[in-house]
Amino acid sequence: MMESEVSVLVGGPAGAGISSAGQVVAQLLGRLGYRVHMYLDYPSRIKGGHNFAVIRGSGGQPGAIREKMDFLLALNQETVGLHRHNLAADGVIVYDAGEVKNTSGIAVAIREILAEEDAPAVMGNSAILGAFARAAGIGWNLFEDVLRLSIPKAVALNLAVARRAYDAAEEHERVPVLDRPVFPVFSGNEAIGIGLIEGELANYFSYPMSPTSNIMHFLAGLQEEAKIRVFQPESEIAVVLMALGCAYSGTRAAVGTSGGGYCLMTEAISLAGVAELPLMIVLGQRTGPSTGLATYTAQGDLYFALNGGHGEFPRLVAAPGDAEEARAWAVAGMDLSWKFQVPAILLADKVVCEGMFSLDPDKILKRRQETPSAESNSPYHRYALTGSGISPLRFPPVKGEVIRVNSHVHDTDGITTEDPELTRAMAEKRWKKERILEGEIEEMDPVNILGARESSTALLCWGSSKWACHEAGEKNGLRVVQPVVLSPFPEKGFARAMDGIDRIITVETNETGQLSRFIREFGYHPDDTILKYDGRPFTVEELDTRVKEAVS
Amino acid sequence: MMESEVSVLVGGPAGAGISSAGQVVAQLLGRLGYRVHMYLDYPSRIKGGHNFAVIRGSGGQPGAIREKMDFLLALNQETVGLHRHNLAADGVIVYDAGEVKNTSGIAVAIREILAEEDAPAVMGNSAILGAFARAAGIGWNLFEDVLRLSIPKAVALNLAVARRAYDAAEEHERVPVLDRPVFPVFSGNEAIGIGLIEGELANYFSYPMSPTSNIMHFLAGLQEEAKIRVFQPESEIAVVLMALGCAYSGTRAAVGTSGGGYCLMTEAISLAGVAELPLMIVLGQRTGPSTGLATYTAQGDLYFALNGGHGEFPRLVAAPGDAEEARAWAVAGMDLSWKFQVPAILLADKVVCEGMFSLDPDKILKRRQETPSAESNSPYHRYALTGSGISPLRFPPVKGEVIRVNSHVHDTDGITTEDPELTRAMAEKRWKKERILEGEIEEMDPVNILGARESSTALLCWGSSKWACHEAGEKNGLRVVQPVVLSPFPEKGFARAMDGIDRIITVETNETGQLSRFIREFGYHPDDTILKYDGRPFTVEELDTRVKEAVS
Amino acid sequence: MKGEDLYSHAQVTWCPGCGNFGVRYALREALLELDRDGIPVENVVIVTGIGQHGKMFDFMNINGFYGLHGRTIPIAAGIHIANPDLRVICIAGDGDCYAEGLEHLVFGAKRNLDITVLVHDNRVYGLTTGQYTPTSPFRFRGRSTPDGSREHPFNPLELVLTSGATFIGRGYSRRQEQLKDLIREAVLHRGFSFIDILQICVTYNDMTEYYNSHIYDWDQDDLGDFEAACRKAREWDYDTEAPIGLGLMYRSGKETFEELCPVPEQLKPGERAALVRKIMDERR
Amino acid sequence: MKGEDLYSHAQVTWCPGCGNFGVRYALREALLELDRDGIPVENVVIVTGIGQHGKMFDFMNINGFYGLHGRTIPIAAGIHIANPDLRVICIAGDGDCYAEGLEHLVFGAKRNLDITVLVHDNRVYGLTTGQYTPTSPFRFRGRSTPDGSREHPFNPLELVLTSGATFIGRGYSRRQEQLKDLIREAVLHRGFSFIDILQICVTYNDMTEYYNSHIYDWDQDDLGDFEAACRKAREWDYDTEAPIGLGLMYRSGKETFEELCPVPEQLKPGERAALVRKIMDERR
Ligand SMILES: Cc1ncc(C[n+]2csc(CCOP(=O)(O)OP(=O)(O)O)c2C)c(N)n1
Ligand SMILES: Cc1ncc(C[n+]2csc(CCOP(=O)(O)OP(=O)(O)O)c2C)c(N)n1
Ligand code: SF4
Ligand code: SF4
Ligand SMILES: [Mg+2]
Ligand SMILES: [Mg+2]
């Protein structure tokens, strides 16, 4: 085991609870003081096949996985077959003795344990977890505590199964406890859900689609407590238009989807643009084009996020690189979208959405609330041409006032016009808002600097490549620059982050180097591009190798 | 009247046949040897209000209108009120004496003429045309000939009405006959329709939307003769998917829409991308965002055309600047889309679509037919990994072969895969095709050089700004560079066209300077940007002034 | 309040003689009556599609959302779900609501959303200059079908009845009094109210004479009888010659979507912070 | 040809016990019979949606178009309009065809498109892990509705009947012989053929016992009787307890869309050039 580093892989068929098992491991490592990241790899099927989760704990924040595992938890033969080469020299395989043949390590007699406890097959994962806890030298009490929290149903039986396996296994190598505050571990989707709630969500609309369906599931489970409503309409078109209806009525809504659903939303995004309606969209990218690889990742929709919808209008696009950022920008997206009456897109991807991350509960951006406009409100003009471009928002019913929003070019009252002067004036009003929005963004740390800050070579990345880049940057002495906000592009913050840089290498999981092309608009010309487009994120080692090739 | 230049404005209420009247004028000027352009300005209503058409004849090709009119044909008071300042010093107003008050010029007693001929009110435009013909010194025979061709119904009565007005009017100034071959005059939409037919269209699908509805209307009228089918399904989603169904069956289809409909098509564009299905989309831009100004123009969707649809895949995007180019690239779009099995977008706008232009019937690009692949066809692999990236196309039924197209990542037989190597290989296959497509494009004159070629300052434009730029370029000694193809971007052709340029001024009818941003990706950094975003195209004089400001 | 107050200052751009004038008048009169009956006009929101019908947005002086072609219903749903005190009326077109956005109509009815949908069924795409729609008669000659369309119309009343609507009627733009009553009742009805309005398009599809000679008023005795409603709905299929019933066709009571999903009172900032803290603490 | 030939080599990734196995078997047997009866398998194309049902594309060894979620019908329409010799079968899901793309179902029926639509109606979104669909029973507890859904299902048979379908049946994934016959007849039928297949989803919505105890076979005497079809369709509303009829429910003859829009033989290159010349000449 490396210092302050532990990696665990859990593998088994779909339906065997690999994701839950992974989450328990993640939670366990979290409780030991590690910062945790989990990557889940699964094909688009419900039962059978091969799923695996890689959980990495580290003293620093891990947001990418390593290739070498200290523990390989195998519920099926494939896990060993496919991942044996991932086992670290001093690593150990903990395996289901009934399923996995020809291997050495810690055998768990799952079949027998389940039979003795009269437990169903799906509890096999509790057995393997018990064995792992013992192998990793984790005390029973802590383990029990975590298992209780993670497994809501049939707790006693799961614990009994786990205990048998725990007792039967031997310790392999104790995972050292780190003396650091314990951070909670969340998936990006959960973190987004939390952020939306903090951003005063009232209604969440969604049509199921990987990798964002779990935002809906998470929020649906919180409806009572959070006093929100979650509704799944007939299509993404209905989803987004219901959200716009809510905005008109004055309550905050958000929606979540992936590329295919986003396509169907673009017409409404354009409507939000001209009608100046707040709209919050979580766009979780996956491998495209089209249905592509439904459960794998990509950063293929940057330009589409920036340009989806016809005509031109300001929008907020923020691409978080982990759950903490996802939460922070979910809140900010809600607030800014309302304050500036623009669509906001939280551009995540499968790794951020479905991956798990430790997060600092206190790391949250300063709220950007609506500032009540000083300008006169009566008679009410929905599209009053104010100095800021932001018109005061009011919602029906208002006695004596008529409140109109309009998809056509309109006058200050929202009535349709075809007048060229008004057409120009309304366009300029919208871009005025954008300049002010950009100003606020610049105050919100919209560009991260990571890696070796002093370097004059930049690894430039966005979204989920953040942490792999950070590690490659630290290792190779390169500065890492990650714009979190892509629109309006924080040119000043970016310039500051790029200060002194004479060589740029971009890192993206896409085919055409979208960020690399995009920053040319702002006068930055990357020298090299490291791309990956097979649906999988960069591992730490892989990116390190690619970066070394690039800088050599 | 300027030499080899004549401008005519016809104005009246919607429903009075202003567009037809304008077309007759355009046709007349065409027969006199002029190259013609007509711009039609109308609000989104069927009857009443104010419509006007400006027809310009010129010795060179006009693709933009001038501000000064030699003839102002007024069927209502607004025409005079709104456009009197557009009358040239030596121009004349030809007006409906019953409708227009307080003006001087050639009064036409339309009401009386119609009464005497017992003709319906809508034939008022024939009367004003007759008076115009006489005022412009156009012989009756030529006029009768043109009117017969243009007005399909009640020819005799229209002619009788026109004749009365012709006889009652006096000659104002003879429009000189130019000694040049007579070119036919078409709207861009008609030219596109012709190009699609030449490109072997079998089925045209569309859902009505300005400014491309007239492609559907034009083709619908030609169904019998051209042996095509035109069908209007329930929505743009159905439209585009029916076209993809046809592609799978092996017959060519095309669709037409504007921004709002294009939004709904993006999901299918992405499908065409990964499934490698040919698809031809005519995207006629209008003023956005959203419903915007439904009958006015803009160049606001360049980035959306380039990036609509999730994930990354090659596509052809060509933006014609007039009807001749629209026809040529409609044919090329059909051919290239089939040859390369990629979506093709013909990116026009209201000015190109609904404007009229003289065109040279013989100006057509060399056909780019499918070249039958030399590679073996049996057993058939729909996605065979060939050297060119282009897989041989076959269509069901083929005895003994199974033909599969798939929206997921797939193997060479089209069967779904989640394999990382295949994912990468298929992506690379698609980009291989793009490189070859780019090579072909480079041979097709994809970048126009106009204006003063020797200049080291470039006016850079695309689409409908072409001819206004050309004139401003000639007048101010500036080179005009107009990339017709935007994707794959013809870098070589563009570099040649920009050779020796040390200053770049972009000209676009949009808010954010999309071309100006786009070419930065290729290392060109515009110094100035001339934008217009009020729904109206640049007039010759207006652009001239703006260019002078920019270069001064 | 006077009728004139409900018209805006915007210039009306419908063709002279257009049936939309009649619909506008009926809507205005219905709103005046509703206002008198305790539904103040500021509580009413119209959501319009794109088409000639949609221009109602500009010509009325009431709250409005001028939306997208085909999408009035999901917008209205969002408005109403967020604030059930509002009375939301969709002003839709036949192209709009029966073609582009048909699915929303079925789902609105299925959910028994508590909104009102008025379809200006001129049986043609008016604003885009005269193409056939899902209710145009077979062989309709429009600009996309110069030789006649190849589709028989569907019957919107039958469709919404099947889908679960609880208030269904048919109006006619030249029967403004009846239409006014229908609209008023529709707004008052708790549940999905649907009125197909035979709206004359003088320019592209002038059916005035045909309608005038075929219409009659449905009797109103058996409004809750589903079978009777089926019979009424099927009497005329929008295609073949038959008497055309007008008025309310069906009315029934059923829990609305909004009743099933009541609006929770939002958390106060402190409560929200406490909830987030709790969620965080459960994960460490 | 053997049955095995119609299965592909791709690994089947449905859950053990999934009803899709039964549907696949029935489809295969129907295709074999059709092949024997003179409809060679290479003339068949399946168009699949996205969902568990859509995987049929991979698991069958026949021509296929793996399309988008909800869009089988317009794709199938395009395929068949372009080449009416092909027999096009949509393999759709209930989320797919009744939610995302419902409008296409109504229009397919309305036009009487000569295609076959099989809906794998497991009454749940299978592939996205168990959310409610338009045919899930009221109060269905799925991942988006942990407290039960707030919508009553609609009745797909009634909906397509109203919309104009000319061949309507209901199958059950555990009645493979009957389902095979239904599929074969559906493909042979000239016009819009629709089969709602009660497909067991063992993982998210296992209705096996319920179905087994409620199903019976419809009598087949009055297949052309619209009223009888209405009654049959309404007997069970997918929500409340009632007997569940299986088999063919309705069949009638009506001109198909394809018959109304015959495929013209394409122009030869010379003819095309001549036409363009003519168009050009008329304008100068
Ligand atoms: C997505 C989209 N497609 C097409 C259009 C163009 N469009 C505007 S109005 C209209 C037809 C309107 O017909 P209908 O709904 O019947 O309204 P009417 O004008 O007859 O009242 C269409 C197709 C649009 N605005 N948006
Ligand atoms: C536009 C779009 N939205 C959402 C999805 C995600 N998605 C994939 S399968 C599926 C549900 C499938 O349910 P159903 O159609 O009933 O098929 P089943 O899996 O039950 O057979 C969804 C919503 C998608 N692929 N495309
Ligand atoms: S075209 Fe028809 S619907 Fe439109 S305003 Fe004119 S009469 Fe009315
Ligand atoms: S989830 Fe349901 S529908 Fe999907 S494969 Fe499993 S049993 Fe079949
Ligand atoms: Mg209409
Ligand atoms: Mg399903």
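Being a predicted model, the structure only gives us computed values, none of them experimental. Chain A is the first sequence line, chain B the second, and so forth, proteins listed ahead of strands; every chain is numbered from 1.
- With a 4.5 Å cut-off on side-chain heavy atoms, B:T512 and A:W431 count as touching.
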Name the atoms and distances for all side-chain donor-acceptor pairs under 3.5 Å in residues 256-264 of chain B, with sequence neighbours left out.
from   : atom 1 : to     : atom 2 : distance (Å)
B:S258 : OG     : B:G284 : O      : 2.6
B:Y262 : OH     : B:F304 : O      : 2.9
B:Y262 : OH     : B:A305 : O      : 3.2

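- At a threshold of 4.5 Å between non-hydrogen side-chain atoms, the residues A:I237 and B:I237 count as touching.
- For chain B, the nearby part of A:T287 is the side chain; its heavy atoms alone come within less than 4.5 Å.
- Your options are A:S270, A:A275, A:G273, and the one with the most heavy-atom pairs under 4.5 Å with chain B is A:S270.
- Of the atoms belonging to B:R517, heavy atoms from both backbone and side chain fall under 4.5 Å from chain A.
- Screening B:H310, B:E267, B:R430 for a side chain to side chain contact (heavy atoms under 4.5 Å, CB included) involving A:P289 leaves a single residue, B:R430.
- The candidate from A:V409, A:I269, A:T417 with the greatest count of non-hydrogen atom pairs under 4.5 Å with chain B is A:V409.
- Residues B:E428 and A:Y533 bring a donor and an acceptor atom of their side chains to less than 3.5 Å of each other.
- Contact record, A:G523 with B:H525: CA-CE1, 4.1 Å, taken as the closest heavy-atom pair.
- Chosen from A:G288, A:G300, A:S516, the residue pairing most often with chain B at heavy-atom distances under 4.5 Å is A:G300.
- Formation of a donor-acceptor pair under 3.5 Å by the B:D534 side chain with backbone atoms of A:R424 is not found in this model.
- The greatest number of non-hydrogen atom pairs below 4.5 Å with chain B, out of A:Q514, A:E421, A:Q285, is found for A:Q514.
- A:R286 does not touch chain B: none of its heavy atoms, backbone or side chain, sits under 4.5 Å away.
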Legend entry - From CA spacing to verdict: salt bridge (Lys or Arg N to Asp or Glu O under 4.0 Å), A:E521, B:R520: CA-CA 5 Å; A:E521 279 191 25; B:R520 287 164 197 247; over 6 Å; no
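- In this structure a side-chain-to-backbone donor-acceptor pair under 3.5 Å is missing from B:T291 to A:H408.
- B:E312 is listed as a side-chain neighbour of A:N510, based on a closest heavy-atom distance under 4.5 Å.
- In terms of heavy-atom pairs under 4.5 Å with chain A, the best-connected choice from B:F518, B:Y303, B:F522 is B:Y303.
- Not counting sequence neighbours, the partners of A:S44 by the side chain to side chain contact (heavy atoms under 4.5 Å, CB included) test are A:A294, A:T295, B:E418, D:L127.
- Of the residues considered (B:G308, B:G309, B:A268), B:G309 shows the highest number of contacts with chain A, using heavy-atom pairs under 4.5 Å.
- Contact record, B:S290 with A:V274: CB-CG1, 3.6 Å, taken as the closest heavy-atom pair.
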